[in-house]
Colleague: 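Dumping the structure here so I can ask a few things about it.
Only a predicted model underlies this, so the values are computations on that prediction, with no experimental measurement involved. Protein chains get the first letters and strands the later ones, always in sequence-line order, with residue 1 at the start of each.
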2 protein chains.
Amino acid sequence: MTGHENYLVRKISTFVDLSVHELKYLSDLQSSPIRVKKGREIVHEGQAGQSAYIIHEGWACSFKLLPDGGRQIITFPIPGDCVGLRSILLRTSDHSFSALTDSLVSRIQAARMKDLFNELPRLGAAILWAASRDEAMVVEHLVSIGRRNAMERTAHFLLELNDRLQLVGLASNHSFACPLNQYVLADALGLSTIHVNRVLRLLRERGLVTLKNQMVVIQDMAGMKALAGYVNRDDDEQIEQ
Amino acid sequence: MTGHENYLVRKISTFVDLSVHELKYLSDLQSSPIRVKKGREIVHEGQAGQSAYIIHEGWACSFKLLPDGGRQIITFPIPGDCVGLRSILLRTSDHSFSALTDSLVSRIQAARMKDLFNELPRLGAAILWAASRDEAMVVEHLVSIGRRNAMERTAHFLLELNDRLQLVGLASNHSFACPLNQYVLADALGLSTIHVNRVLRLLRERGLVTLKNQMVVIQDMAGMKALAGYVNRDDDEQIEQ
DNA sequence: ACGGTTCAATAACACAGGTTAGCCTTGGCC
DNA sequence: GGCCAAGGCTAACCTGTGTTATTGAACCGT
């Protein structure tokens with residue numbers, strides 16, 4: 001264990017206590033870390049090759065491209081997150097995945113992942129549990145885009161990011177470093193860049209939140225939650241065995 | 001086996017050949033079938049109780065409600081589909097789930113599902129594979145709502161339904177029975193009822209597709225696919241094990 | 001045959017968000 | 001120091017979609 005996988009361990013440990021053996025297995029599962037330059041595409045939609053990836057440092061995004069050149073960002077994997085688990089079951093990846101900042105990732109071979117479920121089912125369940133949470137996030141994202149207006153949607157998104165980052169210790173109670181620019185936000189929120197700009201200004205003017213110099217500061221947490229209709233993750237939920 | 005689980009078997013058999021033993025296990029896994037009246041809510045968001053459900057007959061929808069009374073439909077489970085697998089890992093259900101027509105469903109107890117993975121991992125993998133497909137559908141839905149306009153989105157949705165129904169033999173090449181009314185479509189597509197009506201008229205006027213008397217007829221398959229930017233499911237993908 | 005309910009259809013109007021077009025700041029690099 | 005690229009900001013205008021309101025057809029139970 002070289003230290004960078006602490007985020008994953010930290011996240012999983014919040015819900016199951018890992019034994020020394022499990023920790024070791026978790027560490028051996030992964031390839032040695034790979035440096036990825038900002039902007040570099042790691043997996044391309046339709047690509048065969050069955051690997052999942054774990055992010056140790058940096059931010060990434062998974063997305064789909066449309067024939068007309070449009071892009072919809074599905075989710076922003078952050079340190080400790082696992083991407084492409086689905087491509088282990090399906091034969092090809094159904095979305096692309098690229099680094100938003102210089103990053104450090106490891107690859108997980110499909111075969112080893114399958115072994116894991118036989119050998120350490122408890123650890124396997126913990127990983128699936130984490131994946132389930134990610135799915136739940138995609139669902140919430142769907143709801144946001146389908147039924148919340150631009151402001152609610154943006155607020156909701158920032159609140160959720162804040163919560164996720166706190167889980168791995170990358171956010172204080174109400175602020176976090178955020179390398180996402182307005183173009184990227186637009187592709188995630190299903191809006192135009194210009195409208196993202198408008199919305200951010202409104203949120204700022206109302207004293208709710210600021211995004212400046214790669215830093216998000218939530219200034220009125222209660223106001224934000226009210227606006228977004230945000231419900232806290234039920235963080236005491238436990239995996240039961 | 002009373003016959004009604006044929007859809008599930010049929011769907012799974014498309015990708016793995018099930019042994020007699022596996023078929024039996026799959027059948028024993030499920031509670032005896034439960035009749036559910038049209039409109040009845042089967043699982044309520046936040047409800048504890050860890051069960052998944054399998055649909056044998058009828059249509060359902062899974063959705064989330066918003067504080068302002070809005071509703072976003074996530075997906076329409078059809079015969080052979082499994083709902084709420086996620087609530088087996090998370091402790092509570094993160095969305096509601098109700099019957100759109102009189103339906104027949106079975107419950108699957110969490111514990112038995114977990115046993116399955118130990119005892120018949122191949123069958124377990126097949127079920128997870130089906131679940132992965134459903135996830136992929138949610139992602140595609142997200143892309144639709146985020147980056148396709150109302151017409152493209154509607155066309156895409158109908159094409160996808162057609163494909164799914166074909167998989168269980170409930171659609172011919174280009175038409176299928178569809179109990180969804182315009183209100184329900186609106187909540188799925190993130191549109192207003194009125195706009196769904198407009199869009200359906202446009203699609204009809206352009207000779208692309210009609211929805212009349214609970215029947216969808218795709219009249220110009222090529223035109224629809226071009227409009228929606230629809231890519232066929234890669235139906236020859238195999239689960240390998 | 002009757003009233004009630006559900007669903008589809010249309011029209012007129014309103015507004016959220018998209019589009020086009022610039023300008024300004026910052027920071028890196030030759 | 002000067003150029004260039006990336007990212008942020010703003011304004012004016014346009015359009016896709018939402019809203020409100022109303023009508024009609026089909027079906028249902030009594």
Side-chain angles (χ1 to χ4, degrees), chain A residues 37-39 59 61 66 68-72 99-102 144-157 177-206 209-217 227-228, chain B residues 37-39 59 61 66 68-72 99-102 144-158 177-206 209-217 227:
Chain A
K37 272 285 179 201
K38 171 177 177 171
W59 289 53
C61 66
L66 289 122
D68 69 354
R71 174 173 76 150
Q72 176 65 48
L100 287 173
T101 63
D102 291 350
S144 253
I145 296 192
R147 285 297 184 218
R148 286 190 250 259
N149 67 28
M151 241 187 139
E152 297 165 356
R153 201 185 300 175
T154 308
H156 193 280
F157 172 78
C178 171
L180 310 178
N181 64 33
Q182 299 184 349
Y183 294 80
V184 172
L185 281 175
D187 281 344
L189 297 171
L191 299 170
S192 66
T193 319
I194 283 77
H195 203 59
V196 167
N197 185 289
R198 284 198 277 249
V199 165
L200 288 178
R201 178 176 30 150
L202 281 171
L203 289 170
R204 192 191 323 131
E205 285 171 0
R206 297 199 189 166
V209 63
T210 59
L211 167 45
K212 202 176 171 184
N213 299 330
Q214 319 261 70
M215 198 72 198
V216 171
V217 182
L227 170 63
Chain B
K37 272 285 178 201
K38 170 174 177 174
W59 290 52
C61 66
L66 289 120
D68 69 354
R71 175 173 77 150
Q72 176 65 48
L100 287 172
T101 64
D102 291 351
S144 254
I145 295 192
R147 286 295 184 220
R148 287 190 250 258
N149 66 28
M151 241 185 138
E152 297 164 356
R153 203 185 298 174
T154 307
H156 194 280
F157 172 78
L158 293 174
C178 172
L180 309 178
N181 64 33
Q182 299 184 349
Y183 295 78
V184 171
L185 281 175
D187 281 344
L189 298 170
L191 299 169
S192 66
T193 318
I194 284 79
H195 203 58
V196 166
N197 186 289
R198 283 198 279 250
V199 165
L200 288 178
R201 179 178 29 155
L202 282 171
L203 289 170
R204 192 191 324 132
E205 286 170 0
R206 296 198 190 167
V209 66
T210 59
L211 166 45
K212 202 176 172 184
N213 299 331
Q214 319 262 70
M215 197 73 198
V216 171
V217 182
L227 169 63

Colleague: Between the protein and nucleotides 4-8 of chain D, which nitrogen or oxygen pairs come in under 3.5 angstrom?
Modeller:
{"from": "D:dG7", "atom 1": "OP1", "to": "A:N181", "atom 2": "ND2", "distance (Å)": "3.4"}
{"from": "D:dG8", "atom 1": "OP2", "to": "A:Q182", "atom 2": "N", "distance (Å)": "3.0"}

Colleague: Any idea which heavy atoms bring B:M151 and B:L202 closest together, and the distance?
Modeller: CE-CB, 3.7 Å
Colleague: Are any of the side-chain heavy atoms of A:P179 and A:L100 separated by less than 4.5 Å?
Modeller: no
Colleague: Answer yes or no: is there a donor N or O on one side and an acceptor on the other, between the side chain of B:D68 and the main chain of B:G70, under 3.5 Å?
Modeller: yes
Colleague: I'd like a table of donor-acceptor pairs (distance under 3.5 Å, sequence neighbours excluded) in which one partner is a side-chain atom from residues 182-193 of chain A, with atom names and distances.
Modeller:
{"from": "A:Q182", "atom 1": "OE1", "to": "A:N197", "atom 2": "ND2", "distance (Å)": "3.1"}
{"from": "A:D187", "atom 1": "OD1", "to": "B:R147", "atom 2": "NH2", "distance (Å)": "2.9"}
{"from": "A:D187", "atom 1": "OD2", "to": "A:R71", "atom 2": "NE", "distance (Å)": "2.8"}
{"from": "A:D187", "atom 1": "OD2", "to": "A:R71", "atom 2": "NH2", "distance (Å)": "3.2"}
{"from": "A:S192", "atom 1": "OG", "to": "A:H195", "atom 2": "N", "distance (Å)": "3.2"}

Colleague: My understanding is that only residues two or more places apart in sequence, or in another chain, count here; which of them pass side chain to side chain contact (heavy atoms under 4.5 Å, CB included) with B:A99?
Modeller: B:V36, B:I42, B:S103
Colleague: Suppose we screen for salt bridge (charged side-chain N to carboxylate O under 4.0 Å, His left out). Which residues come up paired with A:K37, at least two apart in sequence or across chains?
Modeller: A:D102
Colleague: Using the C1' atoms of five pairs at each end, what's the angle between the two axes of the helix from C:dA1-D:dT30 to C:dC30-D:dG1, to 10 degrees?
Modeller: 40°
Colleague: If you walk 5' to 3' along DNA chain C, what is the first nucleotide with an atom under 4.0 Å of a heavy atom in chain A, and what is the last?
Modeller: C:dG17 to C:dT20
Colleague: What one-letter contact string describes nucleotides 11-28 of chain D from 5' to 3', where B marks a base within less than 4.0 Å of any protein heavy atom, S marks contact via sugar-phosphate atoms alone, and - marks no contact?
Modeller: -B----BBBB--------
Colleague: Sorted by first residue and then second, give each salt bridge (Lys or Arg N to Asp or Glu O under 4.0 Å) pair with at least one member in residues 192-201 of chain B; sequence neighbours left out.
Modeller: none
Colleague: Would you call A:L203 and A:T154 a side-chain contact if the rule is heavy atoms closer than 4.5 Å?
Modeller: yes
Colleague: Can you tell me how far the CE atom of B:M215 sits from the CG atom of B:L211, to the nearest 0.5 Å?
Modeller: 10.5 Å
Colleague: Backbone N or O of A:W59 within a donor-acceptor pair of the A:T101 side chain at under 3.5 Å?
Modeller: yes
Colleague: Identify, with sequence neighbours excluded, every residue that meets side chain to side chain donor-acceptor pair (under 3.5 Å) alongside A:S144.
Modeller: A:R148
Colleague: Kindly give the heavy-atom pair with the smallest separation between A:E152 and A:L227, and that separation in Å.
Modeller: CG-O, 3.4 Å
